[in-house]
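Each chain gets a letter, A, B and so on, in the order the sequences are listed, and its residues count up from 1. Side chains are part of it too, since the values below use all heavy atoms of this structure and drop only hydrogens, waters and symmetry mates.
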2 protein chains.
Amino acid sequence: MNPEMLKGHLDAVVLSVVEGGAHYGYAIIKEISQRSQGALNLPEGTIYPTLHRLEKAGLIVSQWEQAPSGRKRRTYTLTDLGRRTLTERCDQWNSFANVITALLTKPRAATAL
Amino acid sequence: MNPEMLKGHLDAVVLSVVEGGAHYGYAIIKEISQRSQGALNLPEGTIYPTLHRLEKAGLIVSQWEQAPSGRKRRTYTLTDLGRRTLTERCDQWNSFANVITALLTKPRAATAL
DNA sequence: ATAGCATACCTAGCAACGCAGGGTATGAAA
DNA sequence: TTTCATACCCTGCGTTGCTAGGTATGCTAT
């Protein structure tokens, strides 16, 4: 799958997954891969900078946590702004998807009759 | 609408419109705007480089034509490769859209029960 | 013990893309 | 003769996802 296609949509995906309960980077990658049936396998070099960008934008906040195994994890939570932004982005996605789908659907005898 | 969202999908859109019968740059812009109900108003700085890129890739071919008004136009036509690529890109779009839609749809009590 | 693997984080630099902002030229309308 | 719509072009920029590296921990098998 052409990586260029993801551009502009990754934020929404990450926000959505964070809202859903997968809280730290490594788990978010696995979650996305799983929930997309392996269609979307994001490398770490994609997810970590994205999380930092979202945090800098005030959409999520991070907190170091101790996993049961004793490992350190940086867990993320949606802010209010993040929640609102997610809703907005979902609406934008729906509009966008409708537009593109319409454009890719051949007019087929429906044009300028 | 966030311009970043279009990335990776514009080729398919342009190919689709060219296949549909709008043959030259300026008209393609109008056609896209019209068929998207004004949601997608591409600036010329977007469409012309894209057409050149597609031509260089062998997906379309161009030809100078004389419009009825006497104006010169560079008209584009799909090549066989372009037609095949369009089909492929449409399939890719559908898969992509399904994946993103699924990810943006909240699991809602369906996760890990 | 120790080698290997999954986990878990990070960064610098690259390449691609859409767009802003500029330019040229023609024909029709005012 | 000025204005507008048509019609084309290009340079340079900002954003973004990815590549390719790196560090460190804990478990497991040798």
Side-chain angles (χ1 to χ4, degrees), chain A residues 1-15 22-34 36 39-57 59-60 62-76 89 96 99-100 103, chain B residues 1-15 22-34 36 39-57 59-60 62-76 89 96 99-100 103:
Chain A
M1 185 178 287
N2 176 12
E4 212 71 27
M5 298 203 299
L6 234 197
K7 287 198 179 178
H9 309 288
L10 180 59
D11 288 9
V13 167
V14 170
L15 288 175
H23 300 307
Y24 60 101
Y26 199 80
I28 292 172
I29 292 174
K30 303 296 180 193
E31 174 87 0
I32 290 177
S33 172
Q34 184 189 322
S36 69
L40 219 52
N41 294 301
L42 303 180
E44 304 185 0
T46 290
I47 211 69
Y48 289 114
T50 298
L51 287 169
H52 300 159
R53 184 157 39 81
L54 292 176
E55 183 167 30
K56 201 145 117 188
L59 307 183
I60 54 181
S62 72
Q63 195 178 348
W64 281 102
E65 263 187 20
Q66 192 93 12
S69 59
R71 320 250 345 217
K72 293 271 191 181
R73 293 169 178 169
R74 189 188 276 274
T75 62
Y76 291 91
R89 290 290 169 82
F96 175 78
V99 166
I100 300 300
L103 282 167
Chain B
M1 184 178 291
N2 175 11
E4 212 72 27
M5 295 201 301
L6 234 197
K7 287 197 180 178
H9 309 289
L10 181 58
D11 287 10
V13 168
V14 170
L15 288 175
H23 299 306
Y24 60 101
Y26 199 80
I28 292 172
I29 292 174
K30 303 296 180 193
E31 174 87 1
I32 290 177
S33 172
Q34 184 190 320
S36 70
L40 219 53
N41 295 301
L42 303 181
E44 304 185 1
T46 290
I47 211 70
Y48 289 114
T50 298
L51 287 169
H52 299 158
R53 187 158 38 80
L54 292 176
E55 183 167 29
K56 202 144 112 188
L59 306 183
I60 56 180
S62 73
Q63 194 177 349
W64 281 102
E65 263 188 20
Q66 193 91 14
S69 60
R71 321 245 350 213
K72 292 271 191 181
R73 291 169 180 169
R74 189 188 277 272
T75 61
Y76 291 91
R89 290 290 168 82
F96 175 78
V99 166
I100 300 299
L103 282 168

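- In this structure, CZ of A:Arg53 is placed 12 Å from C1' of D:dG14, rounded to the nearest angstrom.
- Comparing C:dA20, C:dC9, C:dG18 by their nearest atom to the side chain of A:Glu44 picks out C:dC9.
- Residues satisfying the side chain to side chain contact (heavy atoms under 4.5 Å, CB included) criterion with A:Lys30, sequence neighbours excluded, are A:Tyr26.
- In this structure, the side chains of B:Lys72 and B:Gln66 come closer than 4.5 Å at one or more pairs of heavy atoms.
- Closest contact between the side chain of A:Tyr26 and the listed nucleotides C:dC10, D:dA7, C:dA6 involves C:dA6.
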Restricting both atoms to N or O, compile the protein contacts to nucleotides 24-28 of chain D shorter than 3.5 Å, with distance only.
residue, atom, partner, partner atom, Å
D:dT25, O2, A:Arg71, NH1, 2.7
D:dT25, O2, A:Arg71, NH2, 3.3

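- Ring pair A:His9/B:His9 is perpendicular by interplanar angle, where above 60° counts as perpendicular and below 30° as parallel.
- With sequence neighbours left out, B:Arg73 forms a side-chain hydrogen bond (donor to acceptor under 3.5 Å, both in side chains) with B:Tyr24.
- Distances shown here put a side-chain N or O of B:His52 below 4.0 Å from the OP1 or OP2 atom of D:dC10.
- Remark: P of C:dC9 and OH of A:Tyr24 are 7 Å apart, rounded to the nearest angstrom.
- Among the heavy atoms of the strands lying under 4.0 Å from A:Gly45 is at least one base atom, whether or not backbone atoms are also near.
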Please report the C-alpha distance between B:Leu42 and B:Leu10 in whole Å, then the side-chain angles of each, then the deciding distance to 0.1 Å, and finally whether the side chain to side chain contact (heavy atoms under 4.5 Å, CB included) criterion is met.
CA-CA 10 Å; B:Leu42 303 181; B:Leu10 181 58; 3.6 Å; yes

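- Each of A:Leu6 and B:Ala67 has a nearest nucleotide on DNA chain D; the 5'-most of these lies closest to B:Ala67.
- Each of B:Asn2 and B:Tyr76 lies near DNA chain D, and the nucleotide nearest B:Tyr76 is the one positioned closer to the 5' end.
- In this structure, CG of A:Leu42 is placed 10 Å from C1' of D:dC18, rounded to the nearest angstrom.
- Remark: B:Arg74 is in phosphate contact with D:dC9, judged by side-chain N or O atoms under 4.0 Å from OP1 or OP2.
- With sequence neighbours excluded, the residues satisfying side chain to side chain contact (heavy atoms under 4.5 Å, CB included) with A:Glu55 are A:Ile60, A:Ser62, A:Arg74, A:Tyr76.
- Remark: B:Tyr48 is not in phosphate contact with D:dC9, judged by side-chain N or O atoms under 4.0 Å from OP1 or OP2.
- One interatomic measurement links the two molecules: CD1 of B:Ile47 to P of C:dA20, which rounds to 13 Å at whole-angstrom precision.
- What separates CD1 of B:Ile29 from P of D:dA5 is a distance of 15 Å, to the nearest Å.
- Whole-Å rounding puts the A:Gln63 CD to C:dC9 P distance at 14 Å.
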From CA spacing to verdict: side chain to side chain contact (heavy atoms under 4.5 Å, CB included), A:Arg89, B:Asn2
CA-CA 10 Å; A:Arg89 290 290 169 82; B:Asn2 175 11; 5.5 Å; no

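- Contact annotation: side chain of B:Glu4 to base of C:dC17, donor-acceptor pair absent below 3.5 Å.
- Among all heavy-atom pairs drawn from A:Ala39 and B:Val99, the shortest one is CB-CG2, 3.9 Å.
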May I have the step-by-step check of side chain to side chain contact (heavy atoms under 4.5 Å, CB included) for A:Ile28 and A:Leu51, ending in yes or no?
CA-CA 10 Å; A:Ile28 292 172; A:Leu51 287 169; 4.0 Å; yes

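- For A:Glu31 and C:dT7, the CD to P distance is 14 Å, given to the nearest whole Å.
- Under the rule for a side-chain hydrogen bond (donor to acceptor under 3.5 Å, both in side chains), the partners of B:Asn41 that lie at least two apart in sequence or sit in another chain are B:Ser33.
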List, with names and distances, any nitrogen or oxygen atoms from the protein found under 3.5 Å away from nitrogen or oxygen atoms belonging to nucleotides 13-15 of chain C.
none

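- If you take CG of A:Leu51 and P of C:dC10, they are 8 Å apart, rounded to a whole angstrom.
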